Amino acid sequence: MDAFERLTLEEIAEAVPDGALLGVPADYSGVPMAATRALIARGARDLRLYCLPYTTLQGDMLIGAGCVASVEAAAVTLGEHGLAPRFTAGVESGALEMRDSTCPALHAQLQATEKGVPFMPQRGIIGSDIAAHRPDWQVIDSPFGNAPDPVLLVPAVKLDVTLFHAPYADRDGNVFIGRRRELATLVHAASKVLVTVEKIVDESLYATEASAACALPAFYVDGIAVAEDGAWPCGLTDLYPPDAEAIRAYAAAAKTQAGFKAYLAEFGLAPRPTPASQTA
Amino acid sequence: MDAFERLTLEEIAEAVPDGALLGVPADYSGVPMAATRALIARGARDLRLYCLPYTTLQGDMLIGAGCVASVEAAAVTLGEHGLAPRFTAGVESGALEMRDSTCPALHAQLQATEKGVPFMPQRGIIGSDIAAHRPDWQVIDSPFGNAPDPVLLVPAVKLDVTLFHAPYADRDGNVFIGRRRELATLVHAASKVLVTVEKIVDESLYATEASAACALPAFYVDGIAVAEDGAWPCGLTDLYPPDAEAIRAYAAAAKTQAGFKAYLAEFGLAPRPTPASQTA
Amino acid sequence: MNHTPEELLIVTLADMLHGDRHVAVGAASPIPCAAALLAKSESPRRMHVSILHSLSHNPFAEGARELFDAAAQGRIDTFFLGGVQIDGSANINLVGLGDYPNLRKRFPGSFGSALMYFAVPRVILFREEHSKRTLVERVDFISAPGTSPPEVWRRGGPKALLTGRAVFSFDAERARFRLESVHGGDTPETVAEATGFAFDQAAEVGETPAPAAERLKRLRRDIAPRIAEFYPQFAARVWGLAA
Amino acid sequence: MNHTPEELLIVTLADMLHGDRHVAVGAASPIPCAAALLAKSESPRRMHVSILHSLSHNPFAEGARELFDAAAQGRIDTFFLGGVQIDGSANINLVGLGDYPNLRKRFPGSFGSALMYFAVPRVILFREEHSKRTLVERVDFISAPGTSPPEVWRRGGPKALLTGRAVFSFDAERARFRLESVHGGDTPETVAEATGFAFDQAAEVGETPAPAAERLKRLRRDIAPRIAEFYPQFAARVWGLAA
């Protein structure tokens, strides 16, 4: 018996059910692009993306490929490469449901699940149109202190699946996440945790106190697949930078659905024929 | 200008004002014993200890030396070396105010300050005598969900000072805390942060992603003093184990206030003549 | 094959852990620690054992809070708790004796029991001393309550109580313990005499099964040396292993 | 000594940071980044500059949440925000144009502005484009409000607005901007013409001071090469530094 469940990329894609509320990491946190292409290949549908706190290429490709029903995020963007074209088209056409949030609320809603509590208080946000369009959030008067003190409460969010890419796992199934502790938040709040890694290493992450601080413990992880360059064309911490040329090429191609389709075809992939992927 | 404020142990002790609400780490988190002896030497008084979540030798010595007005903790104990004798005597005589709490509540009250919110919800605890004796805590019915759902709310606690011992700091004043992230919680919730370290090293903690994950960033830290063996007789992560013989000697000596006084005298220290330190 | 009293407790606890995916063991707990490692060695599927006060066997990488968060998430199946006093409703007291806060005898404190007792599906109460001093009708201070009203969130709670004399199960509906077996040398009567609270009895209260010879061999060969790492004094006393 | 428009913006922003202990700079912000590094180099006391999208200059060791927690703790003195639209009450819009959620033009989203605008004592609004398209009477969507009712917790908020044409201060009581200075080539009248909202005017609206020669030298010698690390294209364009 392996110390952990070894999967293939295809098995990872199978383990993300249609309709799942999927935890999505930001571009600094190990974007699982190889697994994302596997999700598109298997024709995943109706995914609900919960981004901590934003998404770039991963979200835009899933949207363009017709895998996505809704997005909750503080932003969707290609960063220095401009607007996320399939996201933008999806919102502007009305085909894609966008649940606008803000970074600290996205963290807080997962933290509530992390702590097993039904809600978390959060400062700020009151008076914004973000709050105005979130009937699932509530404002109460803090029961502490004497003066009126309205506080926003955001409910706990439990993710069905969290999926991310990491530099490596050890033979016991512990995963290196380093200072990307927001990945731990995504993990703590998820029912199922799937990870792709560049490689499996022999030395335990618990061999030294210093490396132990970089670990996501194996007991959280349901399955691991090896995927070299698994974040490409996004970057992976200090291992490889984003492939600016490849992202630029994507940004240019995906300006239209036809261009996006041609981009996918280079990977032997095709978008699902859904309304969200039909928008020009 | 140094990149950080270099202090002596005496300056550390001076920087902890009488009456301060002092953040106290557990025995696995770098107990600042050298600084504790400096606090006793300067005759600190009326300290209110907030332990995350318990204290061993540090709290017991400060209590015996007459430096302490109250303790909030999930426990005070010498662990395998038995009950904490000066604490036990202080509580049984009624001279010491003990605010009984429980580990997750001690974390949550600091987390509230960490997040800048007035309170945190916390599961469990309802129906315990801990809650029954904490008029500063409140139970509300969760505004989420349809069924009645009583939830404990604990108010934010802001520490005046957090003081701990760490393996090292780098030249920029970043402190190695490794996976002892509860130290970060103590720090985030404190107005003033004082650290003693075994040494200052040349290489920046931010030189690699792996070591960056071990850092407490310099911008939180108000002053650093070098104190070799600064946790002795407590241990320091994997650098040195607790000195069992020295702790046993303390446990035996401190059974009486006279024995405790003799123990202090070996360090050239004397207890303050206060009611709390007069208890047999 | 002869066994020590500690070995009986270890195998009895280990039997309670079958099917678990994750067992966490707190400080100063050599018998639960050995039981968890034995159960892991016998488990047909992956089982994680977190030994909280070991640098290398404590998996938590985010500081002390992570244990409580993981428990609140439902990721720890079984945890062990004790008590200076345990009462007939499974309330536990880790704080002291007397009229709180004016205690005549102070103990360390409640630690994390007030959350763990609610959040962990199966909590096993373990206290070697079985006497009217430890097993009382009503605890002087409730560090954590054995049961809660139905509207109070509670994923788990006490499932069993193991002492140096007997095994009890706990019925949360009735808020009562039930005697399941007595260790060799004791009878339901001697146990009742030594217990400060009233309890139910199983239809047939047998003797707590002694460890099978094969299992005892494996315990001594595979598990004991690992316990000696964490608890040298215990291993020296029970197994004569050099510290 | 001649300066580029970007250099004027850098030194103007740097002047707003004097006295700060900790300035944080977000992504895609070469001008605020240069201003913060310049201000740090001129600060008589310790000043921390956190460059969030740099691996080595991002001090946060606990993941992305730590920035927002640190801001909520009051540990970040100044932060920069922009906006697709900024209105006369300092409301900012990062979400889109049109009648939300039926937007005719979608932008990335609000990021952390809805907390940072409340928690950071001094927020400097920075938008190079100064037009009726960006500076509007009323934003289409409030990502973060410029002011809040007195009972709502708010440590800070907008203190100034810097554009490619002018410097405004912001009066939270009146919820109005006040024109403080115009950059060379503009007048209060040309600025008013290019602005979609009404604003107050300082008693004397002067010209935004040009950078002193010495300072400009230091900026080019000491700061520009460091900006080239993070923003090679910007440094190439403004200072002709090789990428």
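Side-chain atoms are counted along with the backbone in the values below, which use heavy atoms only and exclude waters and symmetry mates. Below, chains carry the letters A, B, ... as their sequence lines are ordered, and counting in each starts from 1. Computed from a prediction, not measured in an experiment: that's the story for all the values here.
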Open item on the list: With a 4.5 angstrom heavy-atom cut-off, is it the side chain or the backbone of D/V152 that approaches chain A, or both, or neither?
Closed with: both

TODO: Side chain from CB out, backbone as N, CA, C, O: work out which of these in D/A119 comes under 4.5 Å of a heavy atom of chain A, or both, or neither.
DONE: neither

- [ ] Measure the CD1-CZ distance between A/I130 and D/F141 for me, rounded to the nearest 0.5 Å.
- [x] 5.0 Å

Task: Proximity breakdown for A/I126 and chain D, heavy-atom pairs closer than 4.5 Å - done: both

Task: Residues which pass side-chain hydrogen bond (donor to acceptor under 3.5 Å, both in side chains) with A/D243, listed by chain and number, not counting sequence neighbours - done: A/W232

Open item on the list: Among residues at least two apart in sequence or on other chains, which ones pass ring-ring contact (aromatic ring centres under 6.0 Å, His included) with A/F176?
Closed with: A/Y168

- [ ] With a 4.5 Å cut-off on heavy-atom pairs, point out which of D/F60, D/F107, D/F68, D/F111 contacts chain A the most.
- [x] D/F111

Open item on the list: Heavy-atom pairs under 4.5 Å with chain D - which of A/C103, A/A132, A/P53, A/A73 has more of them than the others?
Closed with: A/C103

- [ ] Give the minimum heavy-atom separation between D/I142 and A/G127, together with the two atoms involved.
- [x] CG2-O, 4.0 Å

TODO: Please report the closest heavy-atom contact between A/P104 and D/L115, naming both atoms and the distance.
DONE: CG-CB, 3.4 Å

- [ ] Sort out for me which of D/G96, D/A64, D/P101 touches chain A most, counting heavy-atom pairs under 4.5 Å.
- [x] D/A64

Inter-chain donor/acceptor N,O pairs below 3.5 Å: chain A to chain D:
from	atom 1	to	atom 2	distance (Å)
A/A74	O	D/S110	N	2.9
A/A74	O	D/F111	N	2.9
A/V76	N	D/P108	O	3.1
A/E92	OE2	D/R106	N	2.8
A/D100	OD1	D/R106	NH2	2.8
A/D100	OD2	D/Y100	OH	2.7
A/D100	OD2	D/R106	NH1	2.8
A/T102	OG1	D/F111	O	2.6
A/C103	N	D/F111	O	3.2
A/I125	N	D/A114	O	2.9
A/D129	N	D/I142	O	2.8
A/D129	OD2	D/I142	N	2.8
A/R179	O	D/G63	N	3.0
A/R179	NH1	D/N58	O	2.8
A/R179	NH1	D/F60	O	3.4
A/R179	NH2	D/L55	O	2.4
A/E182	OE1	D/A64	N	2.6
A/T185	OG1	D/R65	NH1	3.4

TODO: List for me each residue that meets ring-ring contact (aromatic ring centres under 6.0 Å, His included) alongside A/F260, sequence neighbours excluded, and say none if there are none.
DONE: none

